[in-house]
Amino acid sequence: MRLILLFTALAVVLGLAVMASQTPAPRPISTPAEVFSAARAMADVREIARAPHPVGSDDHARVQAYLMQRMTALGLTPQIQTGPLSPRAVQRMEREGRSAQGLAVANLVGVLPGRDPDRPAVLMMAHYDSVPGSPGAADDATGVAAILEAVRAIRARGGADRDLIVLLTDAEELNLDGARVFFAAHPWRDRIGAVVNLEARGGGGRAMMFETGPGNARTIADYARATGAATGGPSSNALAVFVYRLMPNGTDFTVAAARGLAGINLAFIGRPDQYHSPAATPDALDQGSLQHIGSQALEVADAWLRAPTLPQATQNAVYADLFGLTVVRHPPVAGWALLAIAALATGFAVWRVRRVQVLKVGAVLRGAADGVWLLAAAVVAGQAVRVLAGPLGGRVQSPETYYTLLRRLPVLEIGVALALSGLALLLIAGRAGGRAVAFGLVAAAALTTALSGGDPVVLGAAAVAVGLGLWPRAAEETPWGGWLGLIALVLVLGAVVQAMAPEAAFLLIWPAVIAALTAAAAALISARLTTWTALIPAALATAVVGGWLLMQAHGVFLGVGMDLPGVLGVIALLILLLARPLSPSADGGVRALSRIAGGLVVAAMVAGLGARLIA
C-alpha cells in the first residue's frame, strides 16, 4: 500500500514540475495589436541576430542603424548617447585579440511621451551588442525585440500617463559600459522612477524575474498583479533575488539598482548550451520564451506607465509563485508566525500519537539524524557526479570551462537528480545505514579527491554521513519517529534561516508548515498510520508540494549547480519531509525500494561520465 502511494506521488511530482516548467505558446502575427506577439517580435530577432555583432564590428554598426530606424518608426525619436569604454572593457577586447582604438559606447535612447512629462518615467532596457562568435539571438536580441514589440503594444492601447524611456545599451558584454555611461551622464537619468530590464543566459525556458531594486515589497505586489494567465504566469521567488544579490554576476539592471531605483530584471536561462554560443541563432531560440519574457515586460511596464505612483523602497517581500498561477507573498516577520503554527501542529501530532502508542525520544532524534545524513550524503554524491562530468571539480574559473559546463549542464542535472533521488529512497527504505552505503560514500569522496583535489567540505560531509550511517540503530517500529524527527530538523533549520535571512527562509518554512499540518491530520485520522485514509494526506502533500519543490530545484541548479550541486540536498530533504510516512517498512517492499535506490545512484554516476562526452 505504502509503496503504491509513494511511487504514485513521486510520479505526480515529476509530472507537475514538467507541466509547470513549460513556456507559453508564442502568439501569432494576427494577435490583436494591444497584445504581445512573439511572431511579430521574431522579425526583429532575425534581423538583429543575422550574425555576431560585438562592439566595433561591421555587424554592430548594421544593428545600430537598423534599431535607429525601428525606434524612429515607433515614434521614439531616438538619439545616440556616446561615452568612453572603461579600462576593463578595453582590456577584455585586447584579450580577445580585438582593438578598442577609436571605439566608444553608443547607447540608443528614445522616449514615448506620456500625458504628464513631470511624473517619474518608466525605463525599458536591454543591450544590443553580442559577444564575438555568437549571433546573440537570446542574449540579447530577444530583449531588444521584446521592448520594440512592447512599445508597439503600448501605443496601440492609447496614451499613458508617464513617459516611457527606451534604452538600448551598448557594450554590456564588455563591462556593462552602456548602462554605466547612461546613469553617469545622460540628462534623463534623474527622470526615471522604475526600470524593466530584459536579459538571457541560454536559449529557452520560462522567463524568471530574478532581481529587483531595494525594498521590493511594492514592486512584487505590482509584478504579481500584472503577470496573470495572459502573460504565461509569473515566475519568481524571493530566494532567487536573495541569492543573486550575493553572486558576483551583474547585468545592466545592477547599475540601476545601485542607484536605488525600483524595478524588475527578467531573464530565461534554459537551453544553457546556447549561452554566448554560435548555436544562439534565431531558429534555435524558444519562441515561447520570447513570448513569456515579452508579455511580462509589457504588462509590468504598462501598469507602471498608467499607475498614479511608482514603487518606493520599503521592505523586501517574502514571496514565490505557485506553478506560475499566482504569487504568494507575506512580510518577513510572518515567517515566525508560520514557524509557530508548524510547531503547534507538530506538538498536536505528538500528543495524538502518544495517546495510542509509545513514541520514543530516541526514534525522533534518529529521524532528525537521518535528515542530517541526507544533507551530508548529498554533498558527497552530488560532487562525485560533478567531477565525473568534468572538466573541473572546484568552482568554475575560466571562460572555456564555464561554457563547456553549460553544454554539459542538462546531463549533469539529470545525474545529480538521480543521485539524490537514490539517497532519499534509501532513507525511506531504512537502508541508509550499514557498511555497504558507508563504503559507497567513502568511494565517492575518494573519487572527488582524486579527480579534483581535497575539498574540506566534501571530506567533512563524508565523515558526517559515514559516522551517522554506521551508528547503531534499532529497527523502526513506526514511521512516526522518523517523520517527526525530520519535521523537527527542518523547523530548526527554518528558524535559523529566518533569523539570518528571512527572504530565503520560505523554502524551508512553507514545506515544514504543510508537513506539520499533514502530520496533525494523519494523527487525527489514525495515529497508527495503518489506513489508506491516514496516508493519503501525506501522498497528496508529497505530490503537490514536491512538484513545486522540484521546480525550485531546477532553477537553483541552473543558477549554482555547476559549483554547488550538493545544495540540492535541501530540496531532497524537503520532499522526503513529506514522503517519509510512505515508507514501505511496515508492509514490505523494502528490498525492492532499496534495489531501485541503488540503481538510481549507479545511473547517476553513469550520467556524470556520459556528460564528459559532450565537448
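Looking at H292, its side chain never comes within 3.5 Å of a backbone N or O of R206 through a donor-acceptor pair. No donor-acceptor distance shorter than 3.5 angstrom exists from the side chain of R329 to the backbone of I220, with no hydrogens or angles considered. Of the possible polar contacts, one joining the R2 side chain to the P581 backbone as a donor-acceptor pair under 3.5 Å is found. Here the side chain of Q274 pairs no donor or acceptor atom with the backbone of T281 at under 3.5 angstrom. Distance alone, capped at 3.5 Å, is enough to place a donor-acceptor pair between the R408 side chain and the I614 backbone. No donor-acceptor pair under 3.5 Å is formed between the side chain of E199 and the backbone N or O of N265. With hydrogens and angles disregarded, no donor-acceptor distance shorter than 3.5 Å links the side chain of Q357 to the backbone of V353. Side chain of R271 to backbone of A284: a donor-acceptor contact under 3.5 angstrom is found.
Within 6.0 Å of atom CH2 in W471, 12 or fewer heavy atoms from other residues, nucleotides or ligands are found, so the atom counts as exposed in its surroundings. The environment of R245 atom CZ is dense: over 12 non-hydrogen atoms of other residues, nucleotides or ligands sit within 6.0 angstrom.
The minimum heavy-atom distance linking G469 with W373 is given by the pair N-CD1, 4.0 Å. Nearest heavy atom pair, residue L489 against residue V372, reads CD2-N, 3.7 Å. Residue A462 comes nearest to A445 through the heavy atom pair CB-CB, 3.8 Å, listed as atom of the first residue, atom of the second, then distance. In terms of heavy atoms, A522 sits closest to A534 at CB-O, 3.4 Å. Heavy-atom minimum distance, A381 versus A419: CB-CB, 4.2 Å. The nearest pair of heavy atoms linking S235 to D321 is CA-OD1, 3.6 Å.
We find the CG-CG distance between L574 and L549 to be 5.5 Å, quoted to the nearest 0.5 Å. Summarising the geometry, atom CD1 belonging to I575 is positioned 5.5 Å from atom CG belonging to L550; distances are rounded to the nearest 0.5 Å. Note: T542 OG1 to L576 CG = 9.0 Å, rounded to the nearest 0.5 Å. The distance from atom CH2 of W510 to atom CG of L322, rounded to the nearest 0.5 Å, is 6.5 Å. Between atom CD of residue E503 and atom CG of residue N216 there is a gap of 7.0 Å, rounded to the nearest 0.5 Å. In this structure, CG on L535 lies 11.0 Å from CG on L540, to the nearest 0.5 angstrom.
Counting heavy atoms from C-beta outward, V380 and T448 have side chains that stay 4.5 Å or more apart. Within the 4.5 Å cutoff, the side chain of R386 has heavy atoms near those of the L405 side chain. L493 has its side chain within reach of L375: a pair of non-hydrogen atoms, C-beta onward, lies under 4.5 Å apart. In this structure, the side chains of T227 and M209 stay at 4.5 Å or more apart for every pair of heavy atoms. Side-chain contact between F242 and L246 is present, with at least one heavy-atom pair separated by less than 4.5 Å. Q552 places none of its side-chain heavy atoms less than 4.5 Å from the side chain of L239. Under the 4.5 Å side-chain criterion, counting only non-hydrogen atoms from C-beta, F268 is in contact with T142. Counting heavy atoms from C-beta outward, P584 and I428 have side chains that approach closer than 4.5 Å.
For the side-chain contact (heavy atoms from CB on, under 4.5 Å) test with R431, the passing option among L426, L425, V437 is L426; the others fail. Among L266, T231, T23, the single residue meeting the side-chain contact (heavy atoms from CB on, under 4.5 Å) criterion with I293 is L266.
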If you apply the rule side-chain contact (heavy atoms from CB on, under 4.5 Å), what do you find for V606 with L418, and how did you get there? CA-CA 10 Å; V606 173; L418 289 172; over 6 Å; no
Chi angles and distances behind the side-chain hydrogen bond (donor to acceptor under 3.5 Å, both in side chains) call for S277, Y403: CA-CA 8 Å; S277 164; Y403 295 129; over 6 Å; no
Give the intermediate values and the outcome of side-chain contact (heavy atoms from CB on, under 4.5 Å) for residues N237 and F506. CA-CA 9 Å; N237 63 67; F506 77 93; 3.8 Å; yes
Begin from the C-alpha positions of L359 and L484 and carry the test side-chain contact (heavy atoms from CB on, under 4.5 Å) through to its verdict. CA-CA 10 Å; L359 180 61; L484 293 171; 3.6 Å; yes
Might you work through the side-chain contact (heavy atoms from CB on, under 4.5 Å) test for L6 and L593, ending with a clear yes or no? CA-CA 10 Å; L6 174 63; L593 189 58; 4.2 Å; yes
Before you tell me yes or no, could you show the steps for R407 and T404 under side-chain hydrogen bond (donor to acceptor under 3.5 Å, both in side chains), namely the whole-Å CA-CA distance, both residues' side-chain angles and the distance that decides it to 0.1 Å? CA-CA 5 Å; R407 291 190 291 272; T404 299; 3.3 Å; yes
Steps toward side-chain hydrogen bond (donor to acceptor under 3.5 Å, both in side chains) verdict (Q383, D455): CA-CA 10 Å; Q383 197 63 17; D455 185 332; 5.0 Å; no
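Ring geometry for W480 against W483 counts as parallel: the plane angle stays under 30°, on a 0 to 90° scale with 60° as the upper cut.
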